[in-house]
Every structure is written in structure tokens, then in C-alpha cells.
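Worksheet: one structure, shown below.
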Amino acid sequence: MRKLIIFASIGFLAQLIDGSLGMAYGVTSTSMLLTFGIAPAVASASVHLSEVVTTAASGISHMKFGNVDRQALFKLIIPGSIGAFAGACFLSNLPGDLIKPYISIFLLILGVYVLFRFLRTSKTKSEKKSINLTRKRSITLGLIAGFADSTGGGGWGPITTPVLLSQEGVPARKVVGTVDTSEFAIAVSATLGFLIALGWQEVNWFWVTSLMVGGIIAAPIAAWIVTKLPSYLLGVLVGGFIILTNARTLLATWSLQDWVPVIYMLILIGWAGSLVFVIRNNKKGFHKD
């Protein structure tokens, strides 16, 4: 019973963050499973299998609250699914650890850009009604993000969300909702790839079920939170989270353990300061945009 509560709590927290910020379910869940000594491929397979249910619940919730750009959604699904399936099939043969730091550097820079862009955005500034995503860009983004999601145990949100948010005037809640909803197709494709490569016997159904339970409970709460947060505040939250998660990856890769507390403290102080700044500049902005 204790393990059920622990894993359900992990699923709840991961989905609450993922559904609110458009990322982190895979990263959070996989990281926690790896601490229990689970093989990366098995951990990623278990997380993606649980995501099939949690992302479905999240997608339905986001659609209900009007957080989804359907055109961008359909453009991302096919290339993302192909990338996820390919990444799952070849996970054991890929040098993911060698590629990961370079992706993290790119995302860290993108996170800084997203943070500062939304610091300059106010509630009075014009915002587009949809996400401007071309077919060519969606194919490239979908393939890379889907592939990274399977090989790294999480990457669809951390890559897709900041790239889409880097557009000027893009509605943040539509980005979060669209990315989170499209992740259902990515999870299904990755799961099929893992089941073909590993087989059903490698899946720990206790972990999967526990993560599902927590995720299902959190999904509608996260979708509701997105509708209540104004875009400029949501953008600052996402930007800070991107910086924090990718800094963590780089610090672990470069073995800078002595600097971890200092760097984390500086990031958190900067993030908190950014939130205070944007809230003061938009005192009456706590309503749905």
C-alpha cells in the first residue's frame, strides 16, 4: 500500500506539472523510477505505457477547457509518432548520454529566451488566436521531439513547448494544451515500439497502474489551472522550469556536484524575481486571457 501511494503521488505530481507547463511527466517519472535501480529501457517503457492513459485524460481535459489548437495538434501527431516509435525500437543501441548534453544546452538557451520574452509581455499586448506552425517545421520538430522522448524517457514537452513558445504573440495556454494533448499519440507509438523491442514481460504493471492513477486525478486539475493563468505568467513559469531542468542535466553530465547548491539557488532566486516582476507589472492580470 505504501508503494502504491508513493508511485501514485509521483504520477500525480508529474502530471500536474506536465499538464500545467506542457512538460516533465516523462522526465519526473523516469528519474524517480531510475532511483530504484530500474533499467532505463524498462523505466521508459513503464512511463510511456502509463502515459497512454494519463495523456488521454489530460487531452480530454484540455479540449474541454479550450486549450488546444487543433490544426497544430494534427500537424505534430504524425511526425512525432514516427520519431517516438523509431526511438523506442533503437533505444538500447543509441548513445543517448552523448547527445543529451547538447540538447540540454540548446533548451537552456531557449528557456532563457522564453523567460525574458514573457517578462516583456503584458496583458494588454496583442496575442494570436492560434499557433502558427508550418508543415515543414512541424515535421522537423515532431521527429526530433518524438525521438528524444523515447530515448530519454521524456523529451516531447521539454523540446516542443519552448520551441512553440519562442514565437512572438503565441498563446501560452494553447501551446501547453496542444503539446500535452498531442503527447497521447507519442505515448502510444513509443509504447508499441517498446513492446516490440522488449516484450510485455518487461513491464511492471504495478508501477504503470500506480502512475496512471495519480496522473488521471491530476489531469483535469492541471488543465483548469492553465485556463486561469494569464499567458505572461504561464510563460515565465515555463521558461524558469526549462532552465532549471536542463541545468540539472548539464550539472550531472559535467560532474559539477560542488556547484549544484549555488547554481540551483541562483536559478531559483532569478526565477522568483522574474515572477515578482511580471506580477507587479500586471497587477490585474490574474484572469483568463
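All residue numbers refer to positions in the sequence shown, counting from 1.
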Query raised in the report: If you group Ile, Leu, Val, Met, Phe, Trp and Tyr by side-chain heavy-atom gaps below 4.5 Å, do Met63 and Val179 land in one group?
Result: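 No, because Met63 and Val179 fall into different hydrophobic clusters, even though each may have its own neighbours under 4.5 Å.
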Taking only residues two or more places apart in sequence or in another chain, which ones pass side chain to side chain donor-acceptor pair (under 3.5 Å) with [X]?
X	answer
Ser58	Gln15, Asp180
Ser61	none
Ser182	Trp156

Tell me if a side-chain donor or acceptor on [X] pairs with a main-chain N or O of [Y] at a distance below 3.5 Å.
X	Y	value
Arg173	Gly66	yes
Asp69	Ile131	yes
Thr160	Gly157	no

With sequence neighbours left out, write down each residue that passes side-chain contact (heavy atoms from CB on, under 4.5 Å) with [X], or none if nothing qualifies.
X	result
Val52	Phe184, Ala187, Val188, Thr191
Ser50	Tyr25, Val208, Leu211, Met212
Ile5	Met1, Ser9
Phe277	Leu119, Asn281

Query raised in the report: Residues sharing Met265's hydrophobic cluster, by side-chain heavy-atom contacts under 4.5 Å among ILVMFWY, directly or via others?
Result: Ile269
Query raised in the report: Excluding sequence neighbours, so at least two apart, what forms ring-ring contact (aromatic ring centres under 6.0 Å, His included) with Trp259?
Result: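 For Trp259 there are no ring-ring contact (aromatic ring centres under 6.0 Å, His included) partners, ignoring immediate neighbours.
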Using distance only, find each side-chain donor-acceptor pair of residues 72-82 under 3.5 Å and give its atom names and separation, not counting sequence neighbours.
from	atom 1	to	atom 2	distance (Å)
Lys75	NZ	Leu133	O	2.7
Ser81	OG	Ile77	O	2.7
Ser81	OG	Ser189	OG	3.3

Test item: [X] and [Y] side chains (from C-beta on) under 4.5 Å apart, heavy atoms:
X	Y	value
Ile216	Val53	yes
Tyr264	Leu251	yes
Val170	Asn132	no

Report task. Any pair with a residue in residues 267-278 that passes side-chain hydrogen bond (donor to acceptor under 3.5 Å, both in side chains), sequence neighbours left out, goes on the list, sorted by first then second residue, please. Result -> none
Query raised in the report: Near Arg137 CZ, under 6.0 Å, is it more than 12 heavy atoms from other residues, nucleotides or ligands?
Result: yes
